[in-house]
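Bear in mind the structure is a predicted one, so any value in this text is a computation, not a measurement. Lettering follows sequence order; numbering is per chain, from 1.
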Amino acid sequence: MADYKPQQLDRKWQKHWRSTNAFEVEADPSRPKFYCLEMFAYPSGHAHVGHVRNYIIGDICARMKRMRGYNVLHPFGWDAFGLPAENAAIKTGTHPETSTLDNIAHMKGQLQRLGISYAWGREIATCLPEYYKFNQWIFLKMLERGLAYRRRSSVNWCPSCQTVLANEQVVEGACWRCGSPVVMRDLEQWFFRITAYAEELLKDLDTLAAWPEKVVVMQRNWIGRSEGARLTFPVAGASETSVRGAGAPGLDIAIFTTRIDTIYGATFVLLAPEHAMVDRFAAESPDPVAFRARVQQFRALDRGARLTGAIEKEGFDTGRKAVNPFTGKEVPIWVANFVLAEYGTGAIMAVPAHDQRDYEFARKYGLPIKIVVVPRSAASAIEAERGVGVPAKPDRGEGAPGVEISEATSDYGRLVDSAEYSGQEAPGVITRMIADAEKRGIGTGEVQWRLKDWGISRQRYWGTPIPVVYCDKDGVQGVPYDQLPVELPKIATFSGRGDSPLAQVPEFVNTQCPTCGGPARRETDTMDTFVDSSWYFLRFTDPGNSVLPFDPKAAAYWMPVDFYSGGVEHAILHLLYSRFFTRVLRDVGLVTWAEPFTRLLTQGMVLKNGDVMSKSKGNVVDPDDMLQKYGADALRLYVMFVAPPEKEVEWSDAGLEGSFRFLFRVWRIVDHWAAAVGGSSGPASGTFNDGERALRRKTHDTIRRATVDIEERMHLNTAVSSLMELVNQIYAFSETTPLGPPTRAVQPSARIERPETVVVMREAIDALVVMISPFAPHTAEELWEMLGHKGGLTRAAWPAFDAEVAKAEEVVVPVQVNGKVRARLTVPAGLSDDQLCERALADPAVQVHTAGKTIRKVLVAKGPLVSIVAG
RNA sequence: GCGGAAGUGGCGGAACGGCAGACGCGCUAGCCUCAGGAGCUAGUUGGAGCAAUCCAGUCGGGGUUCAAAUCCCCGCUUCCGCACCA
């Protein structure tokens with residue numbers, strides 16, 4: 001027997017694939033395309049089996065589709081900018097470029113040793129000017145279209161290191177390096193106006209039928225559309241005219257609410273500590289110093305406390321009043337720490353009876369609570385109680401009905417104590433109240449989004465320079481296209497001090513104004529690395545283009561990505577930004593559709609000792625160790641067999657060994673039969689005996705199952721198990737032939753008398769080797785060669801399923817009596833329902849259970865299966 | 001709190017309303033072997049029985065159906081996401 005030395009096969013076939021450019025492709029409109037993509041990698045240095053699982057999943061898909069006749073694009077690249085490399089540079093002095101390129105080289109080797117079938121000719125790395133030039137190009141397009149803009153925004157600042165910190169550098173409110181408390185600092189920053197696409201991004205989620213429901217829901221929540229009304233609460237006493245809603249500018253408080261139907265219960269107004277009106281009230285207050293001190297307390301406290309969990313709701317009275325535009329009554333204005341400045345208008349009307357947060361706040365400070373909605377279910381009970389006329393408690397103040405409530409009820413229902421709206425019900429009354437507010441000029445219907453514009457400025461070195469210059473005379477200007485890329489200058493030392501590292505490079509900062517030629521300064525911030533990953537899948541369609549991000553024709557052929565797989569941690573940001581970018585590029589005219597990823601798979605993580613693998617936990621399984629022991633194929637097969645791709649799995653050495661044993665089992669049986677079945681060809685025909693027909697049935701049934709499991713259901717684990725079943729049956733069949741089992745040496749006298757046996761065995765073994773090749777490509781290629789096939793496996797034809805052959809001649813039909821299986825009839829296939837019923841009722845085991853009972857019903861269900869109801 | 005997913009042998013997991021536990025790991029017995037942590041064969045949900053077979057059984061409780069792991073309702077548990085979004 002030929003030795004099975006998987007490590008040698010790995011080397012042999014990987015070399016072969018490389019030297020023949022086996023996986024490089026060109027667009028070919030005459031052939032159907034398939035774009036298979038795994039999320040590209042951050043080059044951290046070492047891939048562990050958790051990362052690698054994803055690449056294997058994609059590879060099974062890519063290899064299978066190639067054999068199914070598709071022109072398969074399966075590229076890989078590197079998400080190569082980012083903070084870790086810069087952090088390392090600060091610590092060790094190694095330049096990010098050096099460490100990044102080293103890491104890429106190492107990880108690329110790892111993936112090649114796994115035999116992943118990438119078109120390496122299309123490899124990209126986002127840290128190279130050829131790539132990030134087009135980040136800048138897209139930025140300029142956005143700038144032209146008003147989709148990129150500047151505004152002040154706060155960043156984390158470490159006063160001790162004198163530097164800006166990214167969110168991931170802030171650990172529990174403190175600097176990652178020195179542990180000092182982080183403060184907020186306002187800087188001018190660049191934003192992408194993703195909110196301009198909010199409506200479309202939300203609506204089109206409905207078209208993503210082949211995305212996991214979970215991801216769609218997460219995106220929907222993240223976008224967070226809510227319908228409501230923007231209403232004006234004039235500040236009392238500031239201007240007499242404002243009471244009628246024609247208020248002097250700056251003296252109205254705008255609020256957003258989704259519950260205008262509760263407005264008669266709005267007994268106070270709350271402002272976010274950051275609300276513009278707060279500063280004004282402070283200035284006008286009797287004691288501005290004390291006022292500002294309290295505000296400052298909230299502004300400072302907020303951020304740190306929010307990380308650790310729920311903060312106690314606190315606030316204080318501004319001493320000012322606003323007029324509820326519906327009741328016409330004055331209500332107090334408070335500042336509250338839980339009101340968010342960045343959502344809605346930064347101010348709310350508080351309805352303590354119908355909002356739990358407002359309720360807690362009202363209770364704490366003794367503010368009035370007024371019930372204005374009676375939920376349908378509780379209506380009669382509460383009305384009965386109200387009827388007794390329990391006096392209002394002092395802390396509920398004027399207008400509070402005599403109903404004791406212990407929590408807010410936010411259910412919809414019938415309005416009470418709401419002037420002319422009393423007795424009406426949501427949702428109708430909401431529409432009417434908004435219409436009335438619009439008529440009176442005190443408000444308008446409005447849609448609010450939880451999604452905010454995307455701040456892309458990073459005060460970092462290792463990223464794409466933002467292609468903008470500032471001229472004292474001509475203002476903010478995009479760098480002209482013909483001056484791209486704005487290259488990242490080499491920096492020798494990384495101090496980790498200062499706001500933006502690039503600001504410390506005068507040769508970079510000082511430039512000329514593209515308009516007047518006078519002195520100008522460059523933007524020194526770099527882009528968020530999510531920009532890089534928001535369009536890389538398009539770059540793969542035309543990675544060498546130096547004029548455009550990609551040729552629209554290339555994208556038109558290859559896109560959209562047919563199968564995209566990666567970690568669920570990118571369910572929101574990366575995927576949402578990619579959908580946003582694709583729409584922008586559509587509006588720019590480079591592509592013609594909006595959704596970049598047709599089918600999405602979020603693969604589960606690989607755990608070790610019940611925990612996510614990580615260097616710090618010391619539980620990393622290095623694929624290279626496994627390759628050395630068992631070869632790439634056993635690892636690939638195991639990772640696919642252990643569970644469905646979406647599920648997380650616990651790593652098991654024993655399981656890996658089992659997969660190795662299976663491959664060895666395949667190797668032995670193919671080797672055992674290679675001489676007998678190899679070399680010859682032709683369709684399977686002849687007069688087959690029972691055993692031969694059974695094997696053919698199994699072969700074709702396996703073809704059907706494996707094809708569906710891989711291509712449609714992505715149940716790679718069951719695809720493998722069906723192949724295992726086929727192998728088991730091939731072994732069993734082999735035992736019945738003169739050649740015997742592969743464990744026994746073949747007798748010199750052994751000869752296969754029946755040509756049909758050879759034909760059937762060849763059909764089974766050929767199909768097996770082809771179908772196992774996506775999982776175990778090295779072993780399969782070697783066996784394929786051993787069987788005398790020429791031309792390699794990567795583009796061999798996937799076996800064709802023949803329904804006639806797979807059809808069973810005899811079927812086992814279970815018979816249920818009152819829902820329990822009492823007999824199994826072995827009958828020829830194709831009996832009529834009546835014949836089946838007749839035989840079922842005649843069966844002795846059935847008669848035992850129907851004896852003495854009346855047969856009430858007999859039916860034949862698909863399967864087939866006979867169901868008898870007796871009683 | 002809101003939203004999502006899931007609960008099946010000792011373990012990983014199968015089963016597009018129709019034979020629960022495919023396939024594998026582990027374990028048990030036998031064969032082969034100088035030996036085996038190799039290979040082969042058989043067994044392996046629990047309980048009763050020499051056995052044929054019978055009873056129970058897919059988190060718990062109801063329901064729909066000739067038929068439910070699967071569909072519906074209530075509850076429990078676990079995991080994940082969002083988390084004061086007005």
To the nearest 0.5 Å, what is the distance between CG on L768(A) and CD1 on I669(A)?
9.5 Å

Euclidean distance for C1', U45(B) against U8(B) (whole angstrom):
10 Å

CD1 of I348(A) versus C1' of C84(B): gap in Å, rounded?
9 Å

Looking only at atom types and distance, does a side-chain atom of W449(A) sit under 3.5 Å from a main-chain N or O of W222(A), one as donor and one as acceptor?
no

Taking the P atom of each, how far is C23(B) from G4(B), in whole Å?
37 Å

Does a side chain donor of either Y343(A) or S226(A) reach within less than 3.5 Å of an acceptor in the other side chain?
yes

S659(A) and Y630(A) side chains, donor-acceptor separation under 3.5 Å
no

Does the ring centre of W334(A) sit less than 6.0 Å away from the ring centre of F268(A)?
no

When you compare U53(B) with G21(B), how far apart are their P atoms, in angstrom units rounded to a whole number?
15 Å

L270(A) CG to C84(B) C1': how many Å, rounded?
12 Å

Assess the side chains of R665(A) and N728(A): does a donor N or O sit below 3.5 Å from an acceptor N or O?
yes

Any base atoms under 4.0 Å from R220(A), or only sugar-phosphate, or nothing? Heavy atoms, all strands.
nothing

Taking CD from E646(A) and P from A6(B), how many angstroms apart are they, rounded to a whole number?
11 Å

Report the residues that fulfil side-chain hydrogen bond (donor to acceptor under 3.5 Å, both in side chains) with N324(A), sequence neighbours left out, ordered by chain and then residue number.
none

For nucleotides 23-30 of chain B, read 5' to 3', which letter fits each nucleotide if B means a protein heavy atom sits under 4.0 Å from the base, S means only the sugar-phosphate is that close, and - means neither?
BSSS----

F361(A) and F338(A): aromatic ring centres closer than 6.0 Å?
yes

Is it the case that the base of C80(B) and the side chain of K214(A) share a donor-acceptor contact (distance under 3.5 Å, atom types as modelled)?
no

Checking base pairs now: Watson-Crick or wobble, both atom distances under 3.5 Å. What partners A51(B)?
none

Encode nucleotides 51-71 of chain B as B, S and - characters from 5' to 3', where the letter depends on protein heavy atoms closer than 4.0 Å: B to the base, S only to sugar-phosphate, - to neither.
---SSS---------B-----

Measuring from the side chain of S226(A) (C-beta onward, heavy atoms only), which nucleotide among G81(B), A86(B), G18(B) has the closest atom?
A86(B)

Sort and list the pairs that fulfil salt bridge (Lys or Arg N to Asp or Glu O under 4.0 Å) and have at least one residue in residues 862-871 of chain A, not counting sequence neighbours.
none

Would you indicate what P644(A) reaches in the nucleic acid, counting non-hydrogen atoms under 4.0 angstrom: base, sugar-phosphate, or nothing?
sugar-phosphate

Chi angles and distances behind the side chain to side chain donor-acceptor pair (under 3.5 Å) call for D653(A), W651(A):
CA-CA 7 Å; D653(A) 288 332; W651(A) 177 260; 2.9 Å; yes

Rounded to whole Å, how long is the line connecting atom CZ of F662(A) with atom C1' of A38(B)?
18 Å

Pairing partner of G60(B), by Watson-Crick or G-U wobble and under 3.5 Å for both distances, is C74(B)

Just to be sure I understand the rule, does K647(A) reach a base, reach only the sugar-phosphate, or reach nothing, if contact means heavy atoms closer than 4.0 Å?
sugar-phosphate

May I ask you to check if R259(A) and Y412(A) form a cation-pi contact, with NZ or CZ under 6.0 angstrom from the six-membered ring centre and within 45° of the axis?
yes

Partner of A35(B) under the Watson-Crick or G-U wobble criteria, both distances under 3.5 Å, comes out as none

A643(A), nearest nucleotide to its side chain (from G13(B), G39(B), A86(B)):
G13(B)

What residues, two or more places apart in sequence or in another chain, satisfy side-chain hydrogen bond (donor to acceptor under 3.5 Å, both in side chains) together with R599(A)?
none

Does A341(A) or H715(A) map to a spot on RNA chain B nearer the 5' end, using the closest nucleotide for each?
H715(A)

Once you apply the 3.5 Å cut-off to both distances, tell me the Watson-Crick or G-U wobble partner of G24(B), or none.
C11(B)

Distance between P atoms of G63(B) and A68(B) (Å, rounded):
12 Å

Quick one, which residues of residues 443-455 of chain A touch RNA chain B with a heavy atom under 4.0 Å?
R450(A)

Geometric cation-pi criterion R579(A) and Y577(A), 6.0 Å radius, 45° cone:
no

For atom C1', what is the distance between C32(B) and G24(B), given to the nearest Å?
24 Å

What is the distance from CD1 of I430(A) to P of A86(B), rounded to the nearest Å?
12 Å

My understanding is that a pair needs two contacts under 3.5 Å, Watson-Crick or G-U wobble. By that rule, which nucleotide pairs with C82(B)?
G1(B)

Its glycosidic angle compared against 90° from 0, G9(B) adopts the form syn

When both hydrogen-bonding distances must be under 3.5 Å and the geometry is Watson-Crick or G-U wobble, what is G18(B) paired with, if anything?
C66(B)

Assert: residue with more 5' nearest nucleotide on RNA chain B, out of V642(A) and R668(A), is V642(A)

To the nearest angstrom, how far is Y343(A) atom OH from C84(B) atom P?
12 Å

Euclidean distance for C1', A86(B) against A6(B) (whole angstrom):
33 Å

Answer with base, sugar-phosphate or nothing: what part of the nucleic acid does R824(A) contact at a heavy-atom distance below 4.0 Å?
base

Could you grab the distance from atom CD1 of I710(A) to atom OG of S722(A), nearest 0.5 Å is fine?
7.5 Å

Pairing check on C40(B): which nucleotide meets the Watson-Crick or G-U wobble criteria with it, both distances under 3.5 Å?
G30(B)

Spacing of the P atoms in G12(B) and G26(B) (rounded, Å)
15 Å

When rounded to the nearest Å, what value does the distance between C1' atoms of G18(B) and U33(B) take?
48 Å

Separation of G13(B) atom P from M640(A) atom CE, nearest Å, is 14 Å

Whole Å only: how far is the CH2 atom of W222(A) from the C1' atom of C2(B)?
16 Å

Tell me yes or no: between the side chains of S565(A) and N54(A), is some donor less than 3.5 Å from an acceptor?
yes

